[in-house]
Amino acid sequence: MREAVITAYFILLGIIAFYGIHLYWLIWLYLTKKPIHDTDQDILTNQPHVTIQLPIYNEQMVVARLIHAASEQDWDKNKLQIQVLDDSDDITSEIAHKEVARLRSHGYNISH
């Protein structure tokens, strides 16, 4: 019985030792590897082109705020495209058209 307990103890001790060595190995890898981007400036200058699509159906109370919120994204205007996809059959289409025209006059790439 005593030999089985000692064997189990050494097996568990080996597992814990392996876990500790593996942990130190991961820490060493983390500290020695260089980051992919040295600065955040690289990320900001190499922004991809992004399209935001806004599907709308009879949302007259929120359509202007929705389109305005999409235009307020922290993204370069030249690399941002906003598409308002409107199937409304009420006054929502008119409100969306006015808001799209206003933003287009401010230089946004937006379509309705």
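Values below: all heavy atoms of this structure, side chains included; hydrogens, waters and symmetry mates excluded.
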- Who pairs with His68 by side chain to side chain contact (heavy atoms under 4.5 Å, CB included), at least two apart in sequence or on another chain? Ser71, Glu72, Glu99, Arg102
- Message: side-chain contact (heavy atoms from CB on, under 4.5 Å) for Arg65 and Val62? Distances and angles first, verdict last.
- Response: CA-CA 5 Å; Arg65 287 184 292 157; Val62 297; 2.9 Å; yes
Give every donor-acceptor pair under 3.5 Å between a side-chain atom in residues 16-30 and any protein atom, sequence neighbours left out.
none

- Message: Taking side chain to side chain donor-acceptor pair (under 3.5 Å) as the definition, give me every residue that meets it alongside Asp87, ordered by chain and number, with sequence neighbours left out.
- Response: none
- Before giving the answer on side-chain contact (heavy atoms from CB on, under 4.5 Å), spell out for Leu66 and Ile56 the whole-Å C-alpha distance, their side-chain angles and the decisive distance to 0.1 Å. CA-CA 10 Å; Leu66 176 67; Ile56 298 169; 4.1 Å; yes
- Within a reach of under 6.0 Å around NZ of Lys77, are more than 12 heavy atoms found that belong to other residues, nucleotides or ligands? yes
- Task: Using the test side chain to side chain contact (heavy atoms under 4.5 Å, CB included), find all partners of Gln53 that sit at least two apart in sequence or belong to another chain.
- Result: Thr51, Gln83, Leu85
- With sequence neighbours left out, what residues match Asn58 under side chain to side chain contact (heavy atoms under 4.5 Å, CB included)? Ser88, Asp89, Asp90
- Residues passing the salt bridge (Lys or Arg N to Asp or Glu O under 4.0 Å) test with Glu59, sequence neighbours excluded, are none
- Could you tell me whether the side chain of Gln81 reaches within less than 4.5 Å of the side chain of Val50, counting heavy atoms only? no
- In this structure, which one of Asp86, Ile95, Leu54 forms a side-chain contact (heavy atoms from CB on, under 4.5 Å) with Val63? Ile95
- Task: Would you give the length of the straight line joining atom NE2 of His49 to atom CH2 of Trp75, rounded to the nearest 0.5 angstrom?
- Result: 11.0 Å
- Identify, with sequence neighbours excluded, every residue that meets side chain to side chain contact (heavy atoms under 4.5 Å, CB included) alongside Arg104. Val100, Ile110
